[in-house]
K.L.:
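The structure under discussion is supplied below as structure tokens; questions concerning it will follow.
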Amino acid sequence: MTKLLGKVALVTGASRGVGRAIARRLAKDGMAVVLLARGAEALHAAAREIEEAGGHALATPADVADPIAVEQAVAAAEARFGGLDVLINNAGISLAGPSADYPLEHWQQVLATNLTGAFVCSRAAYPAFKRRGSGQIIAIDSGAGRQGYPRMAAYSASKFGLIGLMQALAAEWGPEQIKVSTILPGSILTDFGGRSTADRAHSGTKFIAPEDVAEAVVYLLKQPARAWTQEMNLWPF
Ligand SMILES: NC(=O)c1ccc[n+]([C@@H]2O[C@H](COP(=O)([O-])OP(=O)(O)OC[C@H]3O[C@@H](n4cnc5c(N)ncnc54)[C@H](OP(=O)(O)O)[C@@H]3O)[C@@H](O)[C@H]2O)c1
């Protein structure tokens with residue numbers, strides 16, 4: 001508990017699924033959490049749930065690909081909690097479909113959210129980390145960031161790109177005491193990709209729970225300053 005107590009984390013995609021589980025888990029360990037997603041109502045409900053459980057949470061509705069809105073969220077985090085220590089680049093979408101007639105707008109939306117969004121959020125967090133003297137970024141990638149799958153060209157491209165982005169930031173910002181890690185999970189039981197949790201649960205696929213990803217995040221945050229897990233593969237077993 002003591003290592004994270006009083007620290008401040010911005011979690012993107014925190015209104016449901018993995019991001020919500022991460023925010024809840026970090027708050028349980030005493031971190032102040034700033035929740036970011038587009039839909040304000042679900043986001044405020046997620047923040048309220050944390051506050052009602054005795055935690056500290058702030059809802060900052062924004063699109064991860066909107067630099068001005070994201071900068072405002074970082075400013076709100078610093079104003080309310082006095083700084084920013086951790087960024088969780090979790091927000092992500094999947095729009096599956098055959099590549100031959102895949103709409104360009106879908107391609108652009110997936111890349112904007114999963115890849116550009118992570119860049120925008122990391123860049124917005126950087127000055128706040130510099131003011132703190134250190135920082136930590138954890139991206140929630142996917143097995144599809146290592147292996148391309150049919151009907152998932154945009155998603156795979158975005159997640160391959162996210163690994164490259166995080167590797168570049170790790171190399172560039174590591175010397176400035178900003179630790180950058182990537183978690184590559186397999187299937188997680190959430191409403192991801194337009195399919196309900198109930199529907200996915202009956203698909204015959206094995207899943208991990210959102211809480212398993214949250215535990216992995218806590219593990220990375222609690223590692224000693226001298227230790228760096230660059231990438232973590234987290235599969236259903
Ligand atoms: N579920 C899986 O099987 C699985 C497997 C491997 C990796 N992942 C990765 O895990 C991460 C979380 O997935 P999940 O399963 O928790 O998905 P989810 O249940 O669909 O939740 C996605 C979250 O991201 C937010 N979001 C989407 N687009 C956004 C945008 N442009 N700006 C800000 N927030 C945005 C959503 O809220 P709004 O829609 O209100 O913005 C929501 O809070 C994603 O990066 C995903 O690629 C998931």
K.L.:
Of all the heavy-atom pairs spanning Leu234 and Val213, show the shortest one and how long it is.
P.N.:
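Of all heavy-atom pairs spanning Leu234 and Val213, the closest is CD2-CA, 3.9 Å.
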
K.L.:
With respect to Leu95, which candidate in Met152, Arg151, Gln109 satisfies the side chain to side chain contact (heavy atoms under 4.5 Å, CB included) definition?
P.N.:
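Of all the options given, the one that passes is Gln109.
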
K.L.:
Can you name the closest pair of heavy atoms from Leu87 and Ala125 and give their distance?
P.N.:
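That closest heavy-atom pairing would be CD2-CB, 4.1 Å.
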
K.L.:
Is a donor on one side and an acceptor on the other found under 3.5 Å between the side chain of Thr113 and the backbone of Ile93?
P.N.:
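Between the backbone of Ile93 and the side chain of Thr113 there is no qualifying donor-acceptor contact (under 3.5 Å).
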
K.L.:
Write down the atom of Leu84, the atom of Ala128, and the distance for their closest heavy-atom approach.
P.N.:
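Closest approach of Leu84 to Ala128: CB-CB, 3.9 Å.
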
K.L.:
Are the side chains of His56 and Met31 in contact, using a 4.5 Å heavy-atom criterion?
P.N.:
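No, side chains not in contact.
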
K.L.:
For Ser158, does its backbone N or O pair with a side-chain atom of Asn114 as donor and acceptor, under 3.5 Å?
P.N.:
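Answer holds: no.
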
K.L.:
Pair Trp235, Ile208 - check side chain to side chain contact (heavy atoms under 4.5 Å, CB included), show working.
P.N.:
CA-CA 7 Å; Trp235 307 127; Ile208 53 174; over 6 Å; no

K.L.:
Kindly indicate whether the side chain of Leu221, heavy atoms from C-beta on, has any atom under 4.5 Å from the side chain of Leu4.
P.N.:
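A side-chain contact under 4.5 Å exists here.
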
K.L.:
Measure from the side-chain N and O atoms of Glu51 to the backbone N and O of Ala57, and report whether any donor-acceptor pair falls under 3.5 Å.
P.N.:
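Side chain of Glu51 to backbone of Ala57: a pair is present.
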
K.L.:
Rounded to the nearest 0.5 Å, what separation is found between the CD atom of Glu176 and the CG atom of Leu169?
P.N.:
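One gets 10.5 Å once the value is rounded to the nearest 0.5 Å.
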
K.L.:
Is a side-chain donor or acceptor of Lys179 paired with a backbone partner of Gly174 at a separation under 3.5 angstrom?
P.N.:
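Side chain of Lys179 to backbone of Gly174: no pair is present.
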
K.L.:
Does the distance from a Lys or Arg side-chain N to an Asp or Glu carboxylate O, for Asp29 and Lys7, drop under 4.0 Å?
P.N.:
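Result for this pair is no, no salt bridge flagged.
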
K.L.:
Side chain of Arg132, backbone of Pro127: donor and acceptor closer than 3.5 Å?
P.N.:
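Side chain of Arg132 to backbone of Pro127: no pair is present.
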
K.L.:
Are Tyr102 and Trp107 an aromatic pair, judged by ring center distance below 6.0 Å?
P.N.:
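No - the distance between ring centres of Trp107 and Tyr102 does not fall below the 6.0 Å cut-off.
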
K.L.:
Within this structure, what is the CZ-OG1 distance for the pair Arg80 and Thr60, rounded to the nearest 0.5 Å?
P.N.:
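Those atoms lie 11.0 Å apart.
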
K.L.:
Could you measure the distance from the CG atom of Leu111 to the OH atom of Tyr155? Nearest 0.5 Å is fine.
P.N.:
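Separation between the atoms: 12.5 Å.
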
K.L.:
Specify the closest pair of heavy atoms between Ser187 and Thr205, including all atoms of both residues, with the distance to one decimal.
P.N.:
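Heavy atoms of Ser187 and Thr205 come nearest at OG-CG2, 3.8 Å.
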
K.L.:
Between Asn89 and Ser122, is there a side-chain donor-acceptor contact under 3.5 Å, judged purely by atom types and distance?
P.N.:
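There is such a pair (donor and acceptor under 3.5 Å, judged by atom type) between the side chains of Ser122 and Asn89.
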
K.L.:
Please determine whether a side-chain nitrogen of the Lys or Arg among Arg16 and Asp191 lies less than 4.0 Å from a carboxylate oxygen of the Asp or Glu.
P.N.:
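A salt bridge is absent here (no side-chain N lies under 4.0 Å from a carboxylate O).
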
K.L.:
Between Ala153 and Ser99, which heavy-atom pair has the shortest distance, and what is it?
P.N.:
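That closest heavy-atom pairing would be CB-OG, 3.5 Å.
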
K.L.:
Is there a chain of hydrophobic side chains (I, L, V, M, F, W, Y, each step under 4.5 Å between heavy atoms) that links Ile137 to Val8?
P.N.:
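Hydrophobic grouping puts Ile137 with Val8.
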
K.L.:
Decide yes or no on side chain to side chain contact (heavy atoms under 4.5 Å, CB included) for Leu10 and Leu36, but give the supporting numbers first.
P.N.:
CA-CA 7 Å; Leu10 171 59; Leu36 188 148; 4.1 Å; yes

K.L.:
Answer yes or no: is there a side-chain heavy-atom contact under 4.5 Å between Ser15 and His44?
P.N.:
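No - every pair of side-chain heavy atoms lies 4.5 Å or more apart.
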
K.L.:
Tell me if a side-chain donor or acceptor on Gln136 pairs with a main-chain N or O of Gln177 at a distance below 3.5 Å.
P.N.:
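Answer holds: no.
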
K.L.:
Within the 4.5 Å heavy-atom criterion, are Val33 and Leu58 side-chain neighbours or not?
P.N.:
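Not touching, per the 4.5 Å side-chain cut-off.
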
K.L.:
In this structure, would Leu26 and Leu35 fall into the same cluster of hydrophobic residues linked by side-chain contacts under 4.5 Å?
P.N.:
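Per the 4.5 Å side-chain linkage, Leu26 and Leu35 are co-clustered.
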
K.L.:
For the pair Glu215 and Arg25, find out whether any cationic side-chain nitrogen is under 4.0 Å from an anionic carboxylate oxygen.
P.N.:
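Looking at Arg25 together with Glu215, the answer is yes, because their closest N to O distance falls below 4.0 Å.
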
K.L.:
Hey, any chance Val86 and Val18 share a hydrophobic cluster, counting ILVMFWY side chains that come within less than 4.5 Å of each other, even indirectly?
P.N.:
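Yes, it is one cluster - the side chains of Val86 and Val18 are joined through contacts under 4.5 Å.
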
K.L.:
Would a hydrophobic clustering, with Ile, Leu, Val, Met, Phe, Trp and Tyr connected at side-chain separations under 4.5 Å, put Val180 with Val64?
P.N.:
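Yes.
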
K.L.:
Taking all atoms of both residues into account, what is the closest heavy-atom pair of Ala62 and Ala69, and its distance?
P.N.:
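Closest heavy-atom pair between Ala62 and Ala69: CB-CB, 3.8 Å.
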
K.L.:
Kindly indicate whether the side chain of Gln167, heavy atoms from C-beta on, has any atom under 4.5 Å from the side chain of Glu231.
P.N.:
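SC-SC contact between Gln167 and Glu231 confirmed.
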
K.L.:
Just verifying a value: how many Å separate Thr182 OG1 and Met232 CE, rounded to the nearest 0.5 Å?
P.N.:
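If we round to the nearest 0.5 Å, Thr182:OG1 and Met232:CE are 11.0 Å apart.
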
K.L.:
Going from OG on Ser142 to CZ on Phe192, what distance comes out if it is rounded to the nearest 0.5 angstrom?
P.N.:
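Here the interatomic distance stands at 7.0 Å.
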
K.L.:
Is there a side-chain contact between Ile183 and Ile138 (heavy atoms, below 4.5 Å)?
P.N.:
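The answer is yes; the side chains approach within 4.5 Å.
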
K.L.:
In terms of heavy-atom contacts, does CZ of Phe119 have more than 12 from other residues, nucleotides or ligands at under 6.0 Å?
P.N.:
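It does not: Phe119 CZ has 12 such atoms or fewer within range.
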
K.L.:
Quick one: CG on Leu115 to CD1 on Ile163, what's the gap to the nearest 0.5 Å?
P.N.:
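Here the rounded value is 11.0 Å.
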
K.L.:
Using modelled atom types and a 3.5 Å cut-off, is there a donor and acceptor pairing between side-chain atoms of Trp228 and backbone atoms of Ala170?
P.N.:
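Here the side-chain-to-backbone pair does not exist.
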
K.L.:
Is there a side-chain contact between Val217 and Ile140 (heavy atoms, below 4.5 Å)?
P.N.:
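They are in contact (side-chain heavy atoms under 4.5 Å apart), so the answer is yes.
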
K.L.:
Does Met166 form a side chain to side chain contact (heavy atoms under 4.5 Å, CB included) with Gln230? I'd like the steps, not just the answer.
P.N.:
CA-CA 9 Å; Met166 290 299 117; Gln230 184 181 12; over 6 Å; no

K.L.:
With no hydrogens and no angle check, do the side chains of Thr229 and Gln223 hold a donor and an acceptor under 3.5 Å apart?
P.N.:
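Present: a donor and an acceptor within the cut-off.
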
K.L.:
Is any side-chain heavy atom of Phe129 less than 4.5 Å from a side-chain heavy atom of Asp85?
P.N.:
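No; the side chains remain at least 4.5 Å from each other.
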
K.L.:
Would a hydrophobic clustering, with Ile, Leu, Val, Met, Phe, Trp and Tyr connected at side-chain separations under 4.5 Å, put Phe207 with Tyr149?
P.N.:
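They do not share one cluster, since no chain of ILVMFWY contacts under 4.5 Å joins Phe207 to Tyr149.
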
